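Numbered from 1 within each chain, the chains take letters A, B, ... in sequence-line order. Remember, it's a predicted structure, so these values are computed and weren't measured experimentally.
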Amino acid sequence: MKKDVIVAGVGGQGVLSACRLIADAGLRQGLAVKTVETRGMAQRGGPVCAHVRLSDSVVHSAVIPVGKVDLILAIEPVEGLRYLHALRHKGHLLANVEPFDVLGESLDRDQVMDDLRLAPHCTLLSASSIAREAGSPRSTNVVMLGAAATQLPMDICHFEEALRARFKAKGDAVTASALAAFHAGFGVCGGDEPPIP
Amino acid sequence: MSNLLLLGNEAVAQGALDAGISGAYAYPGTPSTEIMEHVQRSPESVPRSIHSRWSANEKTALEAALGMSYAGKRALACMKHVGLNVAADIFMNAAVTGTNGGLVVAVADDPSMHSSQNEQDSRIFSAFAQTLTLEPCDVQEAYDMTIAAFALSEALEIPVVLRLTTLLSHSRSVIVRQPEREANQASLPEDATHFMLIPLYARKNWKRLIEKQETFREQSEMSAFNTLLDGPDHSVGIIATGVAYSYARDCLPGTPPAHPILKIGQYPIPEKAIRELAASCETLLVLEDGAPMVEERVKGVLPADRPVVKGRLDGTLPRCGELTPDAIACALGQPTEPMIRPQTLPVRMPRLCKGCPHVESLGFVQEAMATFPDGRVFSDIGCYALGLLPPIELEGTCVNMGSSITMAKGFRDAGLGPSVAVIGDSTFAHSGMTALLDAVFEQTSITVVILDNGTVAMTGWQSSPVAGKIDRICEGLGVDRGQIRTLVPLACNHDSNVVQLREALAYEGVSVIIAQRECVHGEGAKR
Ligand SMILES: Cc1ncc(C[n+]2csc(CCOP(=O)(O)OP(=O)(O)O)c2C)c(N)n1
Ligand code: SF4
């Protein structure tokens, strides 16, 4: 078993955080994990992307070759398009359809939606709105993580543990709202209803 | 001892901590910054009194690290590739003095220039200095090699370069740790003349460095980091260094792989191992991230006609940019999958943050200069370099740290003007002060606008050593008190700021404007 995932978005959207949560859940599942992250630009609004490779055997390179990506997790729609060429012929694109404001104004939204649907399998969701409704407007990335959980080989409890570990220092309320955002994304993409915590 | 999920850079830092360092010295720079940040965050740094404050620049960092080595303790110096240019003088000479306590110089190169001005390859710099280089292929090896680098440095009395690339620096995986070593007790060099590079001793020490080269070559032939993984098909033999090795293993999975792979992780190159591989292969394919450094040297050790050596020089692989697994698969003639091509793909560029003080500063500079078609703005490296892009599109320069002031001076010396330098506070501390001194010494008519946002924002809000004292520094360097204007770059001050800059431009001599307002992420400013 192996799963190669690209997480894509814009600086400030929590791409690296989503990447680390997937990696952490993978390790809790007992998988071999390697990631590589774009880092280093303090400014907002530039493209950010991370590769995550999960496998039950050895992973050599952290970089996913073109044509081998199983899942693109796009926290921003245009950033999802940027990696479409790397998707495997049966690959899956999970994309938030709500664009990040900087490009928002000038964007041909219909064309972007059409292009996103070029992916062999495509799930589109309004993750930013879902995050807002879940009472956690800054958790678009965690909503998308919930959506991704429906496509990844790790048990839900491992994602939950990863989230708890990540938000522990921020207190119970923040952890609870992150878990709510996660389950909202998971539910929208057809995951089972969350267990009562 | 525990297993940790670490970035490549963090693995280097952890390796250094476990190797028993007494200090780390660095100036931030992507992709190297997280090495120092990990040392700073590590719980053991405080109780072990490990030095971990940022230095003013890479030269001061490496000099301090050599001083610690002189005292018999282990020191790590970290920088990005262009930082090694700044530290070149001490680097070349530290190879000549050699070390007492272990000294490792971790240098992160940036092929594809994700956040740099060029793609220079530190392996060539290291070879130029005649030191020994290690280049890890993955995060675990980054950890293991750092520990090995300290051992080699102490055994061979030489600074060891640990060459990283962006991709490895920013890869993350679980590492298995080794038992921690105790830090060294202080002990002075047995032969103090090693550190006296006056001609009498320098000649002796230079000869000693030359004589060490044979040992370095022997070490490379024996090194556990240089290994041959044989494969059945010898029509092509592969030589792979650093992360390129992990790509090669990805393209040629299985044990044994389809073709033999000679992995190089320790330099100078293992000539014997290369000749042995070459003897049985029709073609050699050299895979390396960065310059065709190994490729050139491989050609140097083999007969001219056989085997054929392929790589970045003959166009089998792209000559520049990060090496990718895709390029390697293509070079190996592996089939590619059809790609999905979207109709639209808007370009998205990073921008200055909303409310960034630089937006206002560049705004008043642009307006004040608008009436001088022959005037020029020489800018520098930092967040404000984004002002060269839309929407601001300042017609300025961005060359190397500190060059704004000295280029402005040269422009003025050439008889053109007005001449304005725009430089960030940390860049001013790094290499702007001596530049300003040159201008003051000659009373060259330039205006230096120092953007004091209180932090090194570009690389993640490290502390700036000149915070709160730039005006006094400028005065101390000899700028006329009346020509040092401090103002606040806010929209409501725009008009008065333009007026102040115009007054400064009219002055014959050096004038300084300090545009002082915190980065909007100022709260994040740290250490
Ligand atoms: C020799 C060298 N070292 C490090 C860097 C990386 N680097 C680029 S800009 C910068 C500092 C910028 O700080 P400052 O001038 O205060 O501007 P700010 O980003 O805060 O606006 C650093 C460390 C570099 N490009 N060259
Ligand atoms: S990080 Fe700070 S200095 Fe850099 S663009 Fe943002 S506000 Fe400006």
Under 4.5 Å from any heavy atom of chain B - which part of A:V52: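 Answer is neither: A:V52 stays 4.5 Å or more from chain B.
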
Would B:L285 and B:L287 satisfy side-chain contact (heavy atoms from CB on, under 4.5 Å), going step by step from the backbone distance to the final call? CA-CA 6 Å; B:L285 176 62; B:L287 309 175; 3.8 Å; yes

### Message
Looking at B:R172 and B:E10, is any side-chain nitrogen of the basic one under 4.0 Å from a carboxylate oxygen of the acidic one?
### Response
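So B:E10 pairs with B:R172 through a salt bridge.
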
Which class fits the ring pair B:H358 and B:Y384: parallel under 30°, tilted 30 to 60°, perpendicular over 60°?
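Ring orientation of B:H358 relative to B:Y384: perpendicular.
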
query: What part of B:D138 is in contact with chain A, defined as an atom under 4.5 angstrom from a non-hydrogen atom: side chain, backbone, both or neither?
result: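 Looking at B:D138, just its side chain touches chain A.
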
Picking from A:K34, A:H60, A:R53, which has the most non-hydrogen pairs under 4.5 angstrom with chain B?
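Winner by heavy-atom pair count: A:H60.
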
*B:P325 versus chain A, the contacting section by heavy-atom distance below 4.5 Å*: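 The side chain, not the backbone.
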
Exercise. If you measure from the Lys or Arg side-chain nitrogens to the Asp or Glu carboxylate oxygens, is any gap between A:D24 and A:R28 under 4.0 Å?
Worked result: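 Here A:D24 pairs with A:R28 in a salt bridge, since their nearest N and O are under 4.0 Å apart.
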
> Is B:R348 salt-bridged to A:E76, cutoff N-O under 4.0 Å?
Replying inline: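 Looking at B:R348 and A:E76, the cut-off is met.
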
Examine whether an atom of A:L116 lies under 4.5 Å from a heavy atom of chain B, and if so say whether it belongs to the side chain, the backbone or both; otherwise answer neither.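 No part of A:L116 comes within 4.5 Å of chain B.
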
Find the one option among B:P342, B:P253, B:S173 whose heavy-atom pairs under 4.5 Å with chain A are most numerous.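 Among the listed options, the one with the most contacts to chain A is B:P342.
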
Does any heavy atom of chain B fall under 4.5 Å from the side chain of A:V63, the backbone, both, or neither of them?
->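 Looking at A:V63, backbone and side chain both touch chain B.
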
Quick check on A:A119 against chain B: is it the side chain, the backbone, both or neither that has a heavy atom closer than 4.5 Å?
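Looking at A:A119, just its backbone touches chain B.
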
